[in-house]
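Note: hydrogens, waters and symmetry copies are ignored here, and every other heavy atom, side chains too, is used. Just so it is clear: chains get the letters A, B, ... in the order the sequence lines come, proteins before strands, and each one is counted from 1.
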Number of protein chains: 4
Amino acid sequence: MAVEDKRGAVLQAMMELITEHGFHGTAMSMVAKRAGVAAGTIYHYFESKEEVINQLYGEVMQRVGLALVQEDSNKGSIKDRFFRYYTNIYHYYIQHPDEFRFLEQYTNSPYTSQLAREENGKAFEPVLLFLQQGIELGVLRPLELRMMMALVHGHVISLAKLHLSDNNLPVTQEQLEQAAQSCWDGVRIN
Amino acid sequence: MAVEDKRGAVLQAMMELITEHGFHGTAMSMVAKRAGVAAGTIYHYFESKEEVINQLYGEVMQRVGLALVQEDSNKGSIKDRFFRYYTNIYHYYIQHPDEFRFLEQYTNSPYTSQLAREENGKAFEPVLLFLQQGIELGVLRPLELRMMMALVHGHVISLAKLHLSDNNLPVTQEQLEQAAQSCWDGVRIN
Amino acid sequence: MAVEDKRGAVLQAMMELITEHGFHGTAMSMVAKRAGVAAGTIYHYFESKEEVINQLYGEVMQRVGLALVQEDSNKGSIKDRFFRYYTNIYHYYIQHPDEFRFLEQYTNSPYTSQLAREENGKAFEPVLLFLQQGIELGVLRPLELRMMMALVHGHVISLAKLHLSDNNLPVTQEQLEQAAQSCWDGVRIN
Amino acid sequence: MAVEDKRGAVLQAMMELITEHGFHGTAMSMVAKRAGVAAGTIYHYFESKEEVINQLYGEVMQRVGLALVQEDSNKGSIKDRFFRYYTNIYHYYIQHPDEFRFLEQYTNSPYTSQLAREENGKAFEPVLLFLQQGIELGVLRPLELRMMMALVHGHVISLAKLHLSDNNLPVTQEQLEQAAQSCWDGVRIN
DNA sequence: GATGAATGAGATTTCATTCAT
DNA sequence: TATGAATGAAATCTCATTCAT
């Protein structure tokens with residue numbers, strides 16, 4: 001197992017276990033076992049349990065940031081680009097349920113550090129710029145940028161959560177389109 | 001101190017501490033101290049830590065359910081009633097930040113039991129019925145009910161979270177109206 | 001077992017084990033077992049291992065301070081009182097070898113806190129005053145007080161250490177008198 | 001870096017760290033880092049941590065033994081030679097505080113092996129012979145040799161400790177002479 | 001010889017829960 | 001009913017030592 005593999009295995013194990021048992025329920029010994037390394041080895045790569053979790057957050061946010069702008073093009077219309085962002089992030093979330101659940105837990109825990117918020121800011125900066133463009137072009141409502149961002153993101157998150165919850169209500173393609181349209185109708189200028 | 005006071009004090013203490021330190025960071029001894037009772041006393045009222053938390057969740061959801069329908073009237077228009085629900089829950093959340101943060105943590109933790117989801121269902125049942133009415137009257141879009149419910153609730157939650165986050169971005173009355181309008185425009189039929 | 005007994009049992013166990021295995025070699029689990037309490041119980045009485053050790057130091061120094069002045073009388077001659085102090089502390093040390101060895105380890109470890117030095121000061125203050133009297137009366141040499149104190153105490157410590165070391169060289173009564181005389185001849189004015 | 005340099009660097013690092021953090025507080029990884037070698041390298045030169053410490057003790061005692069007899073001459077008077085020894089060792093200690101503190105910790109720890117005592121014996125043998133001479137010549141009191149040795153050594157140690165303690169009481173040249181005189185007056189025949 | 005990643009036993013400490021008072 | 005001292009399993013983290021490179 002190469003060096004980077006062990007670090008990665010620890011992060012992956014931590015994420016899986018947190019989604020299964022929560023922060024508290026995830027003991028370092030469990031992480032070690034799942035990652036296939038010795039307990040002490042984790043501490044060669046990370047200072048503490050907290051650091052494992054924070055680094056995990058950073059890496060997941062980076063991936064989310066990349067997924068967000070995939071196939072995005074500055075040439076598209078605001079509406080097209082909006083739908084692109086909406087579906088991009090939705091798909092990333094439902095295709096990476098562990099990451100999604102981890103993020104939700106992390107974001108809503110009191111551990112969330114200032115650092116975390118900054119990380120978050122970085123990943124979603126492209127969208128922030130996009131929303132600003134949309135407003136300037138008179139296509140989107142002149143809402144406070146951070147608020148619009150929060151409302152839109154909250155919208156997708158709710159949809160993903162619905163799809164991933166074990167209540168046998170998978171979101172269909174049609175429903176995804178309805179949801180995206182709903183979100184769009186809420187921010188566009190009539 | 002009357003019997004009910006102790007039970008209530010424990011629940012209140014648990015909630016405050018969970019919002020401060022998370023599920024994990026909240027020790028029963030801390031709860032006992034904050035509630036002004038002995039550690040053992042908690043176990044006269046509750047079976048376990050988990051039961052304290054679950055009962056807390058149930059009680060909080062009841063209060064949320066009551067707040068939701070305050071000043072609601074079957075006679076109002078769908079739009080008015082929608083705005084009423086939206087602002088009712090928004091205000092309850094921002095006026096009870098401990099409850100709100102507790103709910104967010106609880107909802108996103110893997111502890112969430114089936115029982116919890118049922119509780120949730122009960123509290124929001126009136127809104128579900130209302131949405132159905134709106135659809136039947138041709139005012140709201142014929143979206144899957146649970147999805148519409150999730151999208152709308154996720155919308156308010158995002159707004160409340162924005163207001164309560166310590167980033168100095170308090171949501172103004174004007175912004176609340178814009179947000180509610182945005183949500184409404186996303187579900188109404190054009 | 002009464003409350004105070006458990007606290008005392010922990011301190012006693014810690015002292016015995018430290019003289020046997022050193023600070024490092026003494027695990028809290030060993031202390032618990034020897035004291036006849038559960039590991040967690042120690043933490044009801046003390047904040048940490050360090051606090052156990054520091055409190056132990058404080059208590060031992062108090063006992064040493066009491067032993068030092070036993071049967072001391074302001075009416076005796078300087079010489080008699082000097083011999084009294086010398087033999088008092090010598091006997092306390094050899095009759096309480098665990099305390100003595102613990103003190104030696106503690107004093108020479110880098111853990112020794114400022115607090116420890118103050119504690120030390122308190123216990124030996126009577127002797128400091130006595131030495132000053134002796135100087136003022138022209139019986140003792142006008143040496144810097146703290147230095148004289150250190151030299152005399154170092155003298156007794158060496159003797160006690162010699163007696164307690166497992167080299168089969170027990171110090172006889174005669175040798176004790178010779179040693180005390182030697183110390184006295186070194187500080188008195190000829 | 002030559003072979004001997006690494007061995008020496010390890011010993012030096014171990015000594016410095018022990019005086020700073022104690023036996024317990026000194027991890028092999030810290031020693032490796034301070035010595036500028038890899039952790040595993042230490043185990044090419046030494047069997048174990050204990051062996052590093054024991055060898056360190058041996059080497060330090062050798063140096064102390066050499067310093068002790070510097071500029072000593074069999075031709076001098078007993079008194080002059082006594083003062084020579086006293087000041088020699090005092091100066092060595094205060095000029096090599098790390099070695100001194102290490103020795104004090106080592107000597108008072110339960111790790112002190114039989115081997116260590118023998119090492120000690122070797123280093124101070126010249127003084128033992130000298131004291132015997134002094135007694136035979138009728139200049140020194142006919143005290144048990146090991147006791148006299150212990151008392152005198154304890155005397156110097158106390159003085160050095162006083163000087164090195166961080167209580168702002170540096171021992172002056174005059175005080176050193178007073179102390180040596182005090183020690184001498186305690187062992188010479190009146 | 002030299003490295004330093006890896007190990008895993010064991011250290012300190014926490015904490016949900018019990019039970020004698 | 002109420003207490004809070006006591007428990008001991010389990011958590012996080014450390015560290016002497018090994019070994020493949």
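- Each of C:A39 and B:G40 lies near DNA chain E, and the nucleotide nearest C:A39 is the one positioned closer to the 5' end.
- For A:H24 and A:T41, each mapped to the nucleotide of DNA chain F holding its nearest heavy atom, the one lying further toward the 5' end belongs to A:H24.
- In this structure, C:K49 does not reach the E:dT13 phosphate: none of its side-chain N or O atoms is under 4.0 Å from OP1 or OP2.
- Summarising the geometry, the separation between OH on A:Y43 and P on F:dA11 is reported as 12 Å, rounded to the nearest angstrom.
- Both A:F23 and B:A38 sit near DNA chain F, but only B:A38 has its closest nucleotide nearer the 5' end.
- Between C:Y106 and C:Y57, the angle of the ring planes stays under 30°, which puts this pair in the parallel group of the 30/60° scheme.
- The distance between atom CZ of C:F46 and atom P of F:dA6, rounded to the nearest whole Å, is 12 Å.
- Between the C1' atom of E:dG8 and the NE2 atom of A:H44 lies a distance of 11 Å, rounded to the nearest Å.
- Taking 4.5 Å as the limit, every side-chain heavy atom of D:V52 sits out of range of all side-chain heavy atoms of D:V31.
- Counting to the nearest Å, the C1' atom of F:dT18 and the CD atom of D:E47 are 13 Å from each other.
- Atom P of nucleotide F:dC13 and atom CD of A:E50 are separated by 9 Å, given to the nearest angstrom.
- Within 4.0 Å (heavy atoms only), A:M28 reaches sugar-phosphate atoms of the nucleic acid but no base atom.
- Within 4.0 Å of D:A27, counting heavy atoms only, lie sugar-phosphate atoms of the nucleic acid but no base atom.
- In terms of modelled atom types and a separation under 3.5 Å, the side chain of B:T41 and the main chain of B:V37 share no donor-acceptor contact.
- Going from atom CD1 of B:I42 over to atom C1' of E:dC19 covers 16 Å, rounded to whole Å.
- For the OP1/OP2 pair of F:dA2 and a distance below 4.0 Å, the side-chain nitrogens and oxygens of B:K6 include at least one atom meeting the criterion.
- Between B:H24 and A:H24, the two ring planes are parallel [angle under 30°; tilted spans 30° to 60°].
- At whole-Å resolution of the value, CE in B:M30 and P in E:dA16 are 10 Å apart.
- Side-chain atoms of A:R101 come within 3.5 Å of backbone atoms of A:L164 as a donor-acceptor pair (strictly under, hydrogens ignored).
- Between B:D5 atom CG and F:dA2 atom P the separation is 11 Å, expressed in whole Å.
- Pairing for F:dA20 goes to E:dT3, judged as Watson-Crick or G-U wobble with the two contacts each under 3.5 Å.
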